[in-house]
There are 2 protein chains.
Amino acid sequence: MISDQGTGLLILALHRATHATLGALQAGLADLDLTASEISALANLADGRARSIGELAMDTATKPTTLTSVLDRLVRRGYVVRQLDPADRRSFQVSLTAGGRQAAGSARAAVGDIERAVLATVTSADLAGFHAVTHAIMEVLR
Amino acid sequence: MISDQGTGLLILALHRATHATLGALQAGLADLDLTASEISALANLADGRARSIGELAMDTATKPTTLTSVLDRLVRRGYVVRQLDPADRRSFQVSLTAGGRQAAGSARAAVGDIERAVLATVTSADLAGFHAVTHAIMEVLR
DNA sequence: TATTGTTATACTCTATAACTATA
DNA sequence: TATAGTTATAGAGTATAACAATA
């Protein structure tokens with residue numbers, strides 16, 4: 001049943017779910033000692049595609065200035081590398097190292113574990129609706 | 001179309017949408033000079049119901065220790081009050097002041113503005129699906 | 001001139017552990 | 001003993017503005 005018509009409950013539910021998943025991910029990946037932002041960066045990079053800082057900032061909905069320190073830590077731990085983009089030497093291409101691929105795999109797996117548990121209890125129409133709403137949010141705020 | 005089956009894309013989409021709305025809310029409420037956590041606390045209290053710190057922590061999916069400083073600032077600005085719960089004097093009842101009701105109303109309105117724009121572009125089945133998924137997330141992580 | 005990303009700075013968010021008061 | 005919330009502490013997230021290098 002639909003009970004909110006612009007009351008803000010949709011956004012509050014969104015935020016609650018996000019906070020809850022971030023907390024669970026940090027707990028589930030406690031042995032890797034990763035912060036929420038580090039998990040988010042790794043989970044996004046887990047597809048193996050190299051990205052500029054700006055692209056990664058868009059993917060994680062953060063700002064480049066935030067990513068600087070997140071990436072500094074991931075570089076220090078040997079999980080990612082920054083390589084100058086030959087095509088635009090103002091910009092870096094960020095990619096995973098071999099060790100980083102393993103950590104990113106764990107992050108993506110932990111995210112996937114939560115997701116599978118959720119998918120087991122909703123219909124595919126529900127899932128499609130969820131994606132439609134999050135997509136609409138990004139469009140509205142674009 | 002449904003393209004993810006436990007790949008983690010659902011959770012990544014959730015986090016992106018949250019970050020995007022928090023950024024937009026802070027920008028839209030710039031004249032009130034509120035942080036994301038303050039907006040979240042006010043938006044939750046906007047229904048007028050007094051809550052214990054623990055309840056508010058559950059509503060916002062944060063920890064009581066985080067709320068201490070958030071509430072300190074809101075108290076200092078005259079938006080909320082902490083009153084000892086006579087029924088359990090270890091605990092506080094947090095509620096809005098008159099000024100706080102106004103600020104909370106603005107926060108809830110800003111949240112509602114985004115929500116209405118989103119609702120205008122999705123079906124009610126999509127919305128129901130969204131709620132089913134966020135609810136399932138909270139259940140899975142409970 | 002505009003853009004990419006970093007640096008510097010100043011707050012805010014967050015967790016853990018220790019603590020106080022109450023149950 | 002257990003629970004509600006605060007305090008202390010330390011590290012991480014965030015924004016803004018200034019900056020360097022490149023386009």
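Just so you know, these numbers come straight off a predicted model, no measurement behind them. The sequence lines fix the lettering, A, B, ..., with proteins before strands; numbering per chain opens at 1.
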Legend entry - Check: Gly78(B) main-chain N/O paired with Thr97(B) side-chain donor or acceptor under 3.5 Å: yes
Legend entry - Pro64(A), nearest nucleotide to its side chain (from dT6(C), dT22(C), dT14(C)): dT6(C)
Legend entry - Nucleotide nearest Thr35(B) when distance is taken to its side chain, options dT7(C), dT12(C), dT14(C): dT12(C)
Can you find a pair of side-chain heavy atoms, one from [X] and one from [Y], that are under 4.5 Å apart?
X: Asp59(B); Y: Leu45(B); result: no
X: Met138(A); Y: His135(A); result: no
X: Thr121(B); Y: Glu139(A); result: no
X: His15(B); Y: Ile39(A); result: no

Inset, instruction - Answer with yes or no whether the side chains of Asp72(A) and Ser69(A) bring together a donor and an acceptor at under 3.5 Å. - result: no
Legend entry - Side-chain donor-acceptor contact under 3.5 Å, Thr60(B) with His19(A): no
How many whole angstroms separate atom [atom1] of [X] from atom [atom2] of [N]?
X: Leu74(B); N: dC11(C); atom1: CG; atom2: P; value: 18 Å
X: Arg76(B); N: dC11(C); atom1: CZ; atom2: C1'; value: 12 Å
X: Leu67(A); N: dT7(C); atom1: CG; atom2: P; value: 14 Å
X: Leu71(B); N: dT14(C); atom1: CG; atom2: P; value: 13 Å
X: Arg73(B); N: dA10(C); atom1: CZ; atom2: P; value: 18 Å
X: Leu34(A); N: dA15(C); atom1: CG; atom2: C1'; value: 16 Å
X: His19(A); N: dC13(C); atom1: NE2; atom2: C1'; value: 9 Å
X: Leu84(A); N: dT4(C); atom1: CG; atom2: C1'; value: 11 Å

Legend entry - From CA spacing to verdict: side-chain contact (heavy atoms from CB on, under 4.5 Å), Val133(B), Val118(A): CA-CA 7 Å; Val133(B) 169; Val118(A) 169; 4.2 Å; yes
Inset, instruction - Tell me whether the OP1 or OP2 atom of dG5(C) has a side-chain N or O from Ser91(A) closer than 4.0 Å. - result: yes
Legend entry - Below 4.0 Å: OP1/OP2 of dA15(C) and any side-chain N or O of Lys63(B): yes
Inset, instruction - For the helix from dT1(C)-dA23(D) to dA23(C)-dT1(D), measure the angle between the helix axis at one end and the axis at the other, each built from five pairs, rounding to 10°. - result: 0°
Inset, instruction - Could you check Asp88(B) against Arg89(A) and say which one's nearest nucleotide on DNA chain D is further toward the 5' end? - result: Asp88(B)
Legend entry - Nearest-nucleotide comparison on DNA chain D, the residue closer to the 5′ end among Gly54(B) and Ala87(A): Gly54(B)
Legend entry - Identified side chain to side chain contact (heavy atoms under 4.5 Å, CB included) partner of Ser37(A) from the options Leu71(A), Leu74(A), Val70(A): Val70(A)
Legend entry - Which residue lies more 5' along DNA chain C, comparing Thr68(A) with Gln26(A) via nearest heavy atoms: Thr68(A)
Inset, instruction - Could you say whether Thr65(A) or Glu38(B) is positioned toward the 5' end of DNA chain C, judged by the nucleotide with the nearest heavy atom to each? - result: Thr65(A)
Legend entry - Evaluation steps, side-chain contact (heavy atoms from CB on, under 4.5 Å), between Glu38(B) and Leu29(B): CA-CA 11 Å; Glu38(B) 290 161 2; Leu29(B) 294 168; over 6 Å; no
Legend entry - Along DNA chain D, first and last positions that approach a heavy atom of chain A under 4.0 Å: dA12(D) to dA23(D)
Legend entry - Quiz item: Ser52(A) side-chain donor-acceptor pair to dT4(C) base, under 3.5 Å: no
